[in-house]
Amino acid sequence: MASIISSLLRTTYVSHCVDSSVSMLGSLNQVRHRLKSYKTKSNPFRGVLKHQGKPLQNWWDWDGLGPYKYRHHHYPNNITLRDVQRRRIFKKFHYERSKLSDIRKNDILPMSVQNAALERIHDLPMDSNVIRPNNRCTVTGRGRGNYPEFRVSRFIFRNEADHNRVSGAQRAFWMYNTKIDP
């Protein structure tokens, strides 16, 4: 985290007193956040094709920025392929994005460093955000009604449990051992 702050300090103009105060903070083991909720400026690239002239990339090498070539795949549908790509991009960039967002939310640091962190966040792929990947069924690609501990949808889970292929799953049955008083 200290290296990210030092790189931000190098890229923006910050006075000598701010440099000494940030170096005094050290590695910032604790990040102090504002208590009130705040609204940041909207993304300046919203509605703008940021990667207009970028060449097509192969989908397995896609960096999350710009277009990619379509290729036949083994996933149940294209939405599942897109989710797999989002997870790969998230895994690649989530550490840097979380540290930059901690710097952005920290009220001890000067505003110039916070704004520089915000601009670096805008340069990262949108798929590096934690809300972008969603839980899908690995068999059907269904996005709703999934059991996250098994990573399958309710239909697939019921079918596998009926054929005794899920360890510990048992059908609910109360016909014989239930006493009903008239």
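Counting from 1, the numbers follow the sequence of the chain as shown.
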For N134, is there any backbone N or O sitting under 3.5 Å from a side-chain donor or acceptor partner on R87?
yes
Do I89 and L81 sit in the same hydrophobic cluster, where Ile, Leu, Val, Met, Phe, Trp and Tyr count as joined when their side-chain heavy atoms come under 4.5 Å apart?
yes
Q170 CD: over 12 foreign heavy atoms closer than 6.0 Å:
no
Value rounded to 0.5 Å, distance of CG in L124 from OG in S101
10.5 Å
Non-hydrogen side-chain atoms of R86 and R82 separated by less than 4.5 Å:
yes
From CA spacing to verdict: side chain to side chain donor-acceptor pair (under 3.5 Å), T138, R151:
CA-CA 6 Å; T138 55; R151 295 182 64 196; 5.7 Å; no
Between N146 and P148 (side chain of the first, backbone of the second, donor and acceptor by atom type, cut-off under 3.5 Å), is there such a pair?
no
Compare all side-chain heavy atoms of R104 with those of I121 and state whether any distance is below 4.5 angstrom.
yes
Is there a path of hydrophobic side-chain contacts, each under 4.5 Å between heavy atoms, that joins F93 and V84?
yes
Identify the heavy atoms of R132 and M126 that sit nearest to each other, and give their distance.
CG-O, 3.2 Å
Residues that Y147 engages under ring-ring contact (aromatic ring centres under 6.0 Å, His included), provided they are two or more places apart
F157
Evaluate the side-chain proximity of R97 to S128: yes if any heavy-atom separation is below 4.5 Å, no if none is.
yes
To the nearest 0.5 Å, how far apart are CG in L118 and CG in D123?
10.0 Å
Within the distance-only criterion (no hydrogens, no angle test), does the side chain of T140 pair as donor or acceptor with the backbone N or O of C137 below 3.5 angstrom?
no
Please tell me whether S112 and N115 have a donor and an acceptor in their side chains that are separated by less than 3.5 angstrom.
no
Check the pair F155, R142 against side-chain contact (heavy atoms from CB on, under 4.5 Å), reporting the backbone distance first and the verdict last.
CA-CA 10 Å; F155 309 116; R142 184 177 165 85; 3.6 Å; yes
Criterion salt bridge (Lys or Arg N to Asp or Glu O under 4.0 Å) on R136 and D83, from CA distance to verdict
CA-CA 8 Å; R136 295 198 161 269; D83 189 55; 5.1 Å; no
So do the side chains of F90 and V130 get within less than 4.5 Å of each other, counting heavy atoms only?
yes
In terms of heavy-atom contacts, does CZ of R144 have more than 12 from other residues, nucleotides or ligands at under 6.0 Å?
no
Between the side chain of Q114 and the main-chain N/O of K105, is any donor-acceptor distance below 3.5 Å?
no
Quick one: does any side-chain atom of T80 pair with a main-chain N or O of P76 as donor and acceptor, under 3.5 Å?
no
Kindly write out the residues that satisfy side chain to side chain donor-acceptor pair (under 3.5 Å) with N78, not counting sequence neighbours, or none if the list is empty.
H73
